[in-house]
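Only one structure is covered here, and it is reproduced in the block below.
Heavy atoms only: backbone and side chains are in, while hydrogens, waters and symmetry mates are out. So that the names make sense, note that chain A is the first sequence line, chain B the second, and so on, each numbered from 1.
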There are 2 protein chains.
Amino acid sequence: MSDYEKVCLIRGDGGSAIRGILDRIGDKWSLLVIATLDGGRMRFGDLKQHVPGISQRMLTLTLRHLERDGLVSRTSYPEVPPRVEYELTGMGRTLVGPAVSLAEWAIRHNPIIDEKRRAYDARQS
Amino acid sequence: MSDYEKVCLIRGDGGSAIRGILDRIGDKWSLLVIATLDGGRMRFGDLKQHVPGISQRMLTLTLRHLERDGLVSRTSYPEVPPRVEYELTGMGRTLVGPAVSLAEWAIRHNPIIDEKRRAYDARQS
DNA sequence: CTGCATCCACACGGATACTG
DNA sequence: CAGTATCCGTGTGGATGCAG
């Protein structure tokens with residue numbers, strides 16, 4: 001793939017193809033929830049425990065958005081106490097790959113970026 | 001790579017390795033600026049024209065952040081009128097690959113997601 | 001041309017309390 | 001257990017005006 005084609009891919013038609021995906025999973029919790037669900041189907045409480053720091057409200061909202069976009073499926077069982085299980089859809093699972101490549105980049109470059117950042121901040125003071 | 005290792009990659013130590021990268025390039029403009037700069041070194045005004053819809057303020061802020069993180073280098077020429085050129089650093093260019101894989105995913109699945117979303121919204125009403 | 005300062009509207013997200 | 005409702009602080013980002 002040529003460099004020009006790469007640019008077009010990211011910028012997309014009208015300059016914002018990447019915007020759609022970032023609006024969907026660029027928020028604070030979506031990718032973490034997706035990664036956690038990649039381990040398999042899980043119920044609400046377990047999910048809340050396995051995503052460190054997420055509030056009940058944000059887990060609910062995040063799951064609603066992911067469900068709306070068809071990335072996560074929701075199954076509720078009419079029992080008392082209620083039981084609800086969430087699971088990645090087929091499309092949801094295909095997102096894990098690209099997300100991982102970004103995560104690998106992050107892990108590889110985090111130390112360098114932190115150093116650059118400290119150096120930059122030092123120059124300002 | 002096993003599924004479990006994938007999850008660990010995204011969730012990272014303490015559950016937020018992906019958070020760093022999203023905080024860096026998950027904002028509204030960073031990836032678009034990076035993709036645009038992948039075409040080659042460019043000055044402020046050109047950049048503003050080639051990133052559709054970005055305001056002057058946000059372009060400045062975005063470039064500062066990217067420069068701070070060592071993803072973009074800034075060169076200003078002491079002339080009148082002033083001329084400033086921006087360019088991806090080596091590290092900045094390595095980000096284009098993973099970003100492209102995410103963009104490809106977005107382009108491939110955008111139509112499906114839009115359809116799912118419409119269906120979901122229809123069920124609610 | 002480049003970019004900083006200011007004001008402001010709005011969405012995100014945390015804390016908390018309440019419900020079936 | 002699995003939410004919903006409310007309040008509220010904060011950050012993001014757009015518009016505008018000014019400066020070097």
Mind checking side-chain contact (heavy atoms from CB on, under 4.5 Å) for A:R57 and listing every partner two or more places apart, or none if nothing turns up?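 By the side-chain contact (heavy atoms from CB on, under 4.5 Å) rule, A:R57 matches A:S55, A:L61.
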Tell me: [atom1] of [X] to [atom2] of [N], nearest whole Å?
{"X": "B:E67", "N": "C:dG3", "atom1": "CD", "atom2": "C1'", "value": "13 Å"}
{"X": "B:F44", "N": "D:dG20", "atom1": "CZ", "atom2": "C1'", "value": "15 Å"}
{"X": "A:M58", "N": "D:dT4", "atom1": "CE", "atom2": "P", "value": "13 Å"}
{"X": "A:H65", "N": "C:dA11", "atom1": "NE2", "atom2": "C1'", "value": "11 Å"}
{"X": "B:R64", "N": "C:dT2", "atom1": "CZ", "atom2": "P", "value": "12 Å"}
{"X": "A:L22", "N": "D:dG13", "atom1": "CG", "atom2": "P", "value": "11 Å"}
{"X": "A:W29", "N": "C:dG14", "atom1": "CH2", "atom2": "P", "value": "6 Å"}
{"X": "A:D27", "N": "D:dG11", "atom1": "CG", "atom2": "P", "value": "18 Å"}

Under 4.0 Å between a Lys/Arg side-chain N and an Asp/Glu carboxylate O for B:D114 and A:R24?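 Salt bridge: yes.
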Are any of [X]'s side-chain N or O atoms less than 4.0 Å away from OP1 or OP2 of [N]?
{"X": "A:R74", "N": "D:dG3", "value": "yes"}
{"X": "B:K48", "N": "C:dG3", "value": "no"}
{"X": "B:S55", "N": "D:dG14", "value": "yes"}
{"X": "B:R43", "N": "C:dT2", "value": "yes"}

Shortest non-hydrogen contact from A:M91 toward A:D69: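 Heavy atoms only, the tightest pair is CE-O, 3.3 Å.
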Quick one: on DNA chain C, does A:K28 or A:Q56 contact a more 5' nucleotide (nearest heavy atom)?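 Looking at DNA chain C, the more 5' nearest nucleotide goes with A:K28.
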Review item, side-chain donor-acceptor pairs of residues 76-85 of chain A, under 3.5 Å, at least two apart:
{"from": "A:Y77", "atom 1": "OH", "to": "A:R41", "atom 2": "NH1", "distance (Å)": "3.1"}
{"from": "A:Y77", "atom 1": "OH", "to": "A:E85", "atom 2": "OE1", "distance (Å)": "3.3"}
{"from": "A:E79", "atom 1": "OE1", "to": "A:R83", "atom 2": "NE", "distance (Å)": "3.4"}
{"from": "A:E79", "atom 1": "OE2", "to": "A:R83", "atom 2": "NH2", "distance (Å)": "3.1"}
{"from": "A:R83", "atom 1": "NH1", "to": "A:E85", "atom 2": "OE2", "distance (Å)": "3.4"}
{"from": "A:E85", "atom 1": "OE1", "to": "A:R41", "atom 2": "NH1", "distance (Å)": "2.7"}

Intra- and inter-strand pairs of DNA chain C in dot-bracket (Watson-Crick or G-U wobble, both distances under 3.5 Å; | for another strand): ||||||||||||||||||||
Out of D:dA15, C:dT2, C:dG14, which has the shortest distance to the side chain of B:V84?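 Closest nucleotide among those given: C:dT2.
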Side chain of A:P82 - closest among C:dG3, C:dA15, D:dA2: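 Minimum distance to the A:P82 side chain belongs to D:dA2.
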Side-chain donor-acceptor pair present, B:S101, A:S101, cut-off under 3.5 Å: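 Judged by distance alone, the side chains do pair up.
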Look at all strands and tell whether A:Y86 reaches a base, only sugar-phosphate, or nothing, counting heavy atoms closer than 4.0 Å.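 Sugar-phosphate only.
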Distance in Å, A:L32 CG paired with A:T62 OG1, rounded so as to fall on 0.5 Å steps: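 A:L32 atom CG to A:T62 atom OG1 measures 9.5 Å (nearest 0.5 Å).
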CZ/B:R93 to CG/B:D38 distance, rounded to the nearest 0.5 angstrom?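 Atom-to-atom, B:R93:CZ and B:D38:CG are 8.5 Å apart.
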